[in-house]
Amino acid sequence: MTTAFPKGFLWGGATAANQIEGAWNVDGKGPSTADMVTGGTFETPRHYTATLQADTYYPSHQASDFYHHWREDLKLLHEMGYNTYRMSIAWTRIFPNGDDEEPNQAGLDFYRQIFEQCRDYGIEPIVTISHYETPYHLTQKYHGWLDRRVIDFYVKYCKTIFLAYKDLVHYWLTFNEINILIMMGGYVGAGLPLKDGESMFGGEMTDATRQDCFQALHHQFLASAKAVQLAHRINPDNWVGCMIAGSLSYPLTPAPADVLLNQQEMAMNNWFCGDVQVRGAYPYFAKHYFDEHHIHLQTEPEDTAILKAGKVDFYSFSYYSSNARTADPAKAESAGNMTFGAKNPYLKYSEWGWSTDATGLRVYLNDVYGRYGVPVMVVENGLGARDELTAEGQINDDYRIAYLKEHIEAMHAAIDDGVDLIGYTPWGCIDLVSAGTGQMEKRYGFIYVNRNDQQQGDFKRIPKKSFYWYRQVIASNGANLNPDVLQKLI
Ligand code: BGP
């Protein structure tokens with residue numbers, strides 16, 4: 001039987017600018033890498049075009065039109081009882097090219113209104129500074145994060161927003177899923193150039209692409225460390241976290257080769273970035289990995305001190321599913337959130353190939369807290385699914401409630417285990433564009449957005465059954481997870 005969560009627990013939801021805002025070129029906003037990527041499906045990968053093509057669908061251009069619906073959206077989040085909301089700032093609303101001299105005032109004003117409204121609602125914003133979008137100009141002129149000068153552009157952007165929202169925002173995440181650079185290539189995470197028409201995630205990782213990804217990652221580590229120090233200097237109340245794609249995996253069998261492989265995958269996919277950002281130094285296994293893959297980082301003598309001085313205050317991560325690893329190449333592969341592995345016979349898989357594994361969340365929380373001992377936040381979690389409107393105009397998303405319920409129970413168990421878990425922001429609380437496939441119809445939200453993949457629909461917001469359920473969860477501080485909630489009009 002679940003009892004309440006600790007007092008002051010942060011309950012909310014999460015979104016990202018390029019997946020929800022739309023208005024991609026409005027009020028002085030410049031194009032970002034996300035604006036150059038087409039729609040796709042599970043079977044058809046999204047691809048990048050070097051210039052925008054007529055008659056091609058770029059989902060970020062309209063997304064869920066939050067830019068014109070934010071008042072209504074925040075009101076709904078408030079009605080659900082949120083005391084936190086994780087969102088990102090689009091760098092290109094503030095600095096349209098990334099390397100501009102002056103910030104764009106209209107962009108600063110846009111987010112100020114949002115943060116003021118959050119304050120009035122008692123919602124603490126958690127702001128991701130860079131969520132899968134780099135100013136496109138930086139990709140074209142500097143090869144994205146491959147160029148060390150981009151660190152200074154990022155730090156200038158950080159300084160601008162830290163000062164602008166000094167009294168309104170206290171929680172910051174430096175880079176969304178920074179470890180994507182280890183797992184899936186560099187365009188999405190670091191704006192590394194792609195060839196025209198190439199899949200957004202690039203091809204297979206080779207030693208050459210890996211070299212670029214780790215160099216870009218090194219620059220992001222330095223940028224993050226500098227941002228942490230700056231945030232603390234500007235306001236000692238600022239709390240800055242890393243954000244890691246929680247990539248839990250198990251050995252598929254007890255065969256020692258599977259166990260060893262899994263240990264290595266866990267280390268590279270999770271602890272590599274976590275160690276640099278939380279402990280302030282590259283882990284012991286980095287050298288062996290770099291040697292094995294012929295990676296030679298270009299560094300400066302001051303880098304070690306910068307990383308050490310810029311340790312984050314807390315560890316945040318996304319968690320959707322788990323994977324299984326086998327040293328036997330013949331075993332079937334399954335998709336997951338950015339990592340691939342063998343199909344785990346004990347788990348169920350979604351239409352998009354993602355497993356549901358709530359126990360894995362408890363395992364991961366214990367692993368993370370055991371390793372780092374800093375407060376932990378789950379800043380993404382959820383079930384991407386197709387929702388159907390009933391004849392009465394309702395969405396009975398019991399499958400989503402079941403998924404979230406299990407994961408909240410797992411978080412509760414982890415707290416009982418002793419983990420210092422301080423917040424939960426399930427992903428895509430308002431339906432938005434899928435990062436992986438570009439679909440609107442892979443929905444995560446408590447709030448339905450009337451828009452489909454054929455670009456039809458008026459963006460109308462409709463609370464789903466899970467909206468009323470989550471409201472009850474928050475109101476009881478996690479004590480009442482009863483799924484048979486009444487759908488009442490708000
Ligand atoms: C994470 C990203 C999010 C989000 C989520 C769900 O990797 O941080 O931006 O999109 O995954 O993934 P998808 O949208 O592909 O279903």
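Every number for a ligand or one of its atoms is a count from 1 in the order of the listing.
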Parallel, tilted or perpendicular: which describes the rings of Y58 and H61, with under 30° parallel and over 60° perpendicular? parallel
What about W354: any of its N or O atoms under 3.5 Å from an N or O on ligand 1? no
Looking at F110, Y111, F115, Y171, which one forms a ring pair (Phe, Tyr, Trp, His ring centres under 6.0 Å) with Y165? F115
Has H131 got any heavy atom lying under 4.0 angstrom from an atom of ligand 1? yes
Using side-chain heavy atoms (C-beta onward) and a distance below 4.5 Å, is T92 in contact with W24? no
Location of contacts on F42 toward ligand 1, heavy atoms closer than 4.0 Å: neither
Applying side chain to side chain contact (heavy atoms under 4.5 Å, CB included), can you list everything that pairs with T390, at least two apart in sequence or on another chain? E392, Q394, N396
Residue-level breakdown please: for I180 versus ligand 1, do any non-hydrogen atoms fall below 4.0 Å on the side chain, on the backbone, on both, or on neither? neither
Could you tell me whether K464 and D431 make a salt bridge, using a distance below 4.0 angstrom between a side-chain N and a carboxylate O? yes
is_close_aromatic(F272, F214), centroid dist under 6.0 Å: yes
Show the numbers, then the answer: is there a side-chain hydrogen bond (donor to acceptor under 3.5 Å, both in side chains) between Q220 and Y154? CA-CA 9 Å; Q220 292 194 342; Y154 175 89; over 6 Å; no
Find all atoms of ligand 1 within a distance of less than 4.0 Å from any non-hydrogen atom belonging to S434, and give their numbers and elements. 13 (P), 14 (O), 15 (O), 16 (O)
Is the closest heavy atom of Y444 to ligand 1 under 4.0 Å? yes
Counting only nitrogen or oxygen atoms and a 3.5 angstrom limit, does E380 reach ligand 1? yes
For W352, which part has a heavy atom under 4.0 Å from ligand 1: side chain, backbone, both, or neither? neither
Please work out whether any backbone atom (N, CA, C, O) or any side-chain heavy atom from C-beta onward of A435 is under 4.0 Å from ligand 1, and answer side chain, backbone, both or neither. both
Nitrogen or oxygen atoms of G436 and ligand 1 under 3.5 Å apart: yes
